[in-house]
Number of protein chains: 2
Amino acid sequence: MLNNRVRELRARYGFTQSDLGKQVEVTRQTIAFIEKGEFSPSITLALKLAKALQTNVDELFWLEGDEKDEK
Amino acid sequence: MLNNRVRELRARYGFTQSDLGKQVEVTRQTIAFIEKGEFSPSITLALKLAKALQTNVDELFWLEGDEKDEK
DNA sequence: TTTTCATGTTTGGTTTATATAACATAATGT
DNA sequence: ACATTATGTTATATAAACCAAACATGAAAA
């Protein structure tokens, strides 16, 4: 299963789901689905999200059972 | 557009497309399409590929016009 | 030379990502 | 009280990812 920090980082920058959606060229519903973990976005979108949230893909998304989970 | 180093790293480790496909649970055709840049894999698959190729997603995939291109 | 193996490529099918639109709710501002 | 805004959520539709199977080719190996 896929985990992510999109909601956390979006909040940190004070973006709404719509704001972020516009920046990365998807609808707010797509952002909502990603935050809920309901699907695994394309890497193209993941790269855009990482850029918008000033981080990198590996910090933003990880597979359950990998590094970030070991804490 | 999306660029990647899958073929380069796969070769470095001496994996065939089939080998890599098995490791990340997709068919060899899917690996071939990704290497050709014909589509943008899911981030779940991208994370598995990065792991199999002992790198991270941001080293393996990047958007044209981003950092890696500036050289 | 014949077989095997890695890769290229195409076609048809299923699944999933993503869009668009609608309706609901809670919070905030007027 | 009313309007607006952010978010949750659901339905239907389309595009794209991915599978499975087939056939082709060139290289290496027997």
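Predicted model only: the values in this text are computed from it and were never measured. A note on names: the letters A, B, ... follow the listed sequences, proteins ahead of strands, and every chain is numbered from 1.
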**OP:** Taking the side chain as every heavy atom from C-beta outward, state whether A:Phe33 and A:Thr27 have any atom pair closer than 4.5 Å.
**Re:** no
Subject >> Salt bridge A:Asp19-A:Arg10, side-chain N to carboxylate O under 4.0 Å >> reply: no
**OP:** Output the residues of residues 9-22 of chain A in contact with DNA chain C, where contact means a heavy atom of the residue under 4.0 Å from an atom of the strand; sort by number or write none.
**Re:** none
Original post:
Quick one: how far along DNA chain C does chain B reach, first to last nucleotide 5' to 3', anything under 4.0 Å to a heavy atom?
Top reply: C:dA6 to C:dT10
**OP:** State, yes or no, whether a side-chain contact exists between B:Ile34 and B:Leu49 at a heavy-atom distance under 4.5 Å.
**Re:** yes
Original post:
Going by heavy atoms in the side chains, are B:Leu2 and B:Phe39 under 4.5 Å from each other?
Top reply: no
Subject >> Any A:Ile31 side-chain heavy atom under 4.5 Å of A:Gln29 side chain >> reply: no
Subject >> Donor-acceptor pair between B:Gln17 and B:Glu35 side chains, under 3.5 angstrom >> reply: yes
Subject >> Student check: side-chain heavy atoms of B:Asp66 and A:Leu47 closer than 4.5 Å >> reply: no
Original post:
If the sugar-phosphate is the primed atoms plus P, OP1 and OP2 and the base is the rest, what is the B/S/- string for nucleotides 16-30 of chain D, using protein heavy atoms under 4.0 Å?
Top reply: -SSSBBB--------
Subject >> Validation row: A:Leu20, A:Leu53 side chains within 4.5 angstrom (heavy atoms) >> reply: yes
**OP:** For the residue pair B:Phe61 and B:Val6, establish whether any side-chain heavy-atom pair is separated by less than 4.5 Å.
**Re:** yes
**OP:** Kindly determine whether A:Thr30 and A:Leu45 satisfy side chain to side chain contact (heavy atoms under 4.5 Å, CB included), including the steps that lead there.
**Re:** CA-CA 10 Å; A:Thr30 295; A:Leu45 178 50; 4.2 Å; yes
